Amino acid sequence: MKMFDWDVIILGAGPAGLALATRLAPKKILLLERQFESPTEMRIGESLPGAAKTLLQRLGVFEDFQSGNHLERSATISIWDTEEPIWQDSLRDPCGPGWLLDRREFEQMLHAAAVRSGATIHYGCRDFQLTQHPEYWSINIDEVTHSAPVIVDASGRSAHLARRLGLTHSKLDSQICLHAFFDNPTQNENTCTRILAEKNGWWYSVRLANGKQVLAFHIDAKHPARIHLQKPDNFLARAREHLLLEEVVDQVK
């Protein structure tokens, strides 16, 4: 059986795991990812606040980030506690407006940075045996044992390591997000984010860095309207009931 020693083992090669691996250089870092390859599909998480600039600079990737296919974020128009729209921009924010991300390109940038820093990334690590020893952890995968004094759970919502350790998962909300991507036939360059609350949930819509528009609705998973809204025509019709979203939906062919 082969054995490898690491300073830190990180479970999860998403943005958090990749950023941590880059930040810990030049330590010997191993990232283990359940997926069989880095994501290539469109991702719904698409924005960063201006305050992220400092973090990107610390990772040494801000120049690469600036050259990427990301858009400067514009104002946010919201209808939440009042019936009148509220306009909020970044004019008084010392960190600046932030960005609308090309999420796929963003994760590829973080992946490249982690590899440059010396981290090793293994994909397709779904089945493994985890053992806690007095002074270190060991993970056995396909007759290979990896050990480290520190192990980090960066698996996100799945909390894969925490579940393996038998920790209790407290689920406080069963909210889900119904969302759709669609082309912008008018080539509208408006990058304002629209946010709107209604009695059964809340909406948001924004133009993405790749030119598409995302329209999303957050609703309780057990709400009876969820099944109805999973049909595209019903989803768009519901959004069209709100003046703030009507203009967005009318662009859909």
Side-chain angles (χ1 to χ4, degrees), residues 10 12-27 29 39 42-114 116-117 119 152 154 156-157 172-173 175 177 179 181 184 187-197 201-218 242 244-245 247-248:
I10 302 172
L18 294 170
L20 178 60
T22 302
R23 186 69 174 146
L24 291 176
K27 295 184 181 296
I29 308 299
M42 289 184 62
R43 313 298 297 276
I44 192 170
E46 75 289 321
S47 67
L48 275 182
K53 175 181 178 180
T54 301
L55 302 178
L56 296 173
Q57 289 174 327
R58 290 175 180 173
L59 292 175
V61 299
F62 186 62
E63 290 186 2
D64 291 338
F65 177 78
Q66 284 184 302
S67 64
N69 184 36
H70 310 297
L71 298 175
E72 184 174 286
R73 189 170 61 180
S74 187
T76 297
I77 307 172
S78 61
I79 298 177
W80 201 265
D81 291 329
T82 65
E83 295 183 1
E84 295 298 322
I86 303 298
W87 174 282
Q88 184 176 5
D89 57 36
S90 61
L91 187 62
R92 291 175 291 180
D93 187 340
C95 296
W99 302 271
L100 300 174
L101 297 181
D102 182 322
R103 175 68 181 270
R104 180 172 55 186
E105 183 179 286
F106 179 70
E107 293 196 25
Q108 290 172 344
M109 177 198 71
L110 292 177
H111 179 277
R116 285 197 307 268
S117 72
V152 177
R157 182 174 56 185
L172 302 179
D173 198 341
Q175 187 179 80
C177 178
H179 63 279
F181 301 103
N184 184 347
Q187 299 300 312
N188 187 350
E189 297 183 357
N190 187 340
T191 57
C192 287
T193 301
R194 302 170 189 235
I195 299 176
L196 181 144
W202 64 278
W203 297 86
Y204 85 89
S205 183
V206 68
R207 177 176 177 252
L208 305 179
N210 60 11
K212 292 185 178 295
Q213 188 87 12
V214 61
L215 177 65
F217 183 56
H218 297 75
H242 304 288
L244 189 63
L245 301 175
E247 178 185 357
V248 173

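These numbers come from the heavy atoms of this one structure, side chains and all, not from hydrogens, waters or symmetry mates. Everything numeric in this text was worked out from a predicted model, so none of it was measured.
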**Item:** Spacing of CG belonging to L196 relative to CZ belonging to F217, to within rounding of 0.5 Å
**Value:** 9.0 Å

**Message:** Is the shortest side-chain heavy-atom distance between R73 and P49 below 4.5 Å?
**Reply:** yes

**Message:** Between E105 and N69 (side chain of the first, backbone of the second, donor and acceptor by atom type, cut-off under 3.5 Å), is there such a pair?
**Reply:** yes

**Request:** Measure across W87 and C192 and return the closest heavy-atom pair with its distance rounded to 0.1 Å.
**Result:** CH2-SG, 4.0 Å

**Prompt:** Any side-chain heavy-atom pair from L56 and F106 closer than 4.5 angstrom?
**Reply:** yes

**Message:** Would you compute the distance between atom CD of E107 and atom CG of D102 and round it to the nearest 0.5 angstrom?
**Reply:** 10.5 Å

**Asked** Does any non-hydrogen side-chain atom of F65 lie less than 4.5 Å from one of K53?
**Response** no

**Item:** Closest non-hydrogen atom pair, T22 against A113
**Value:** OG1-C, 3.6 Å

**Request:** Answer yes or no: are there more than 12 heavy-atom neighbours, outside Q88 itself, under 6.0 Å from its atom CD?
**Result:** no

**Complete:** Note: P85 and I77 closest approach over all heavy atoms is CB-CG2, 4.0 Å

**Message:** How long is the straight-line distance from CD of E63 back to CD of Q57, given to the nearest 0.5 Å?
**Reply:** 9.5 Å

**Prompt:** Heavy atoms, side chains only, cut-off 4.5 Å: are W80 and I86 in contact?
**Reply:** no

**Item:** Side-chain heavy-atom pair S67, M109 within 4.5 angstrom cut-off
**Value:** no

**Prompt:** Does L101 reach the side chain of L48, with side-chain heavy atoms less than 4.5 Å apart?
**Reply:** yes

**Message:** Which residue is it: H218, H179, R194? I am looking for the one with a side-chain contact (heavy atoms from CB on, under 4.5 Å) to Y204.
**Reply:** H218

**Message:** Give me the atom names and distance for the closest heavy-atom approach of L59 to L110.
**Reply:** CD1-CD2, 4.4 Å

**Prompt:** Is there side-chain contact between V206 and V214, with at least one heavy-atom pair below 4.5 Å?
**Reply:** yes

**Fill in**
Rounded to the nearest 0.5 angstrom, the CG-CD1 distance for L20 and I10 is 4.0 Å

**Request:** Measure the spacing between CZ of R23 and CD1 of I29 and express it to the nearest 0.5 Å.
**Result:** 12.5 Å

**Fill in**
All heavy atoms of S117 vs all of A21, minimum pair found to be OG-O, 3.8 Å

**Asked** Just how far is it from atom CD of E84 to atom OG of S78, taken to the nearest 0.5 Å?
**Response** 12.0 Å

**Item:** Closest approach of T82 to I79 (non-hydrogen atoms, all atoms of both residues)
**Value:** O-CG2, 3.1 Å

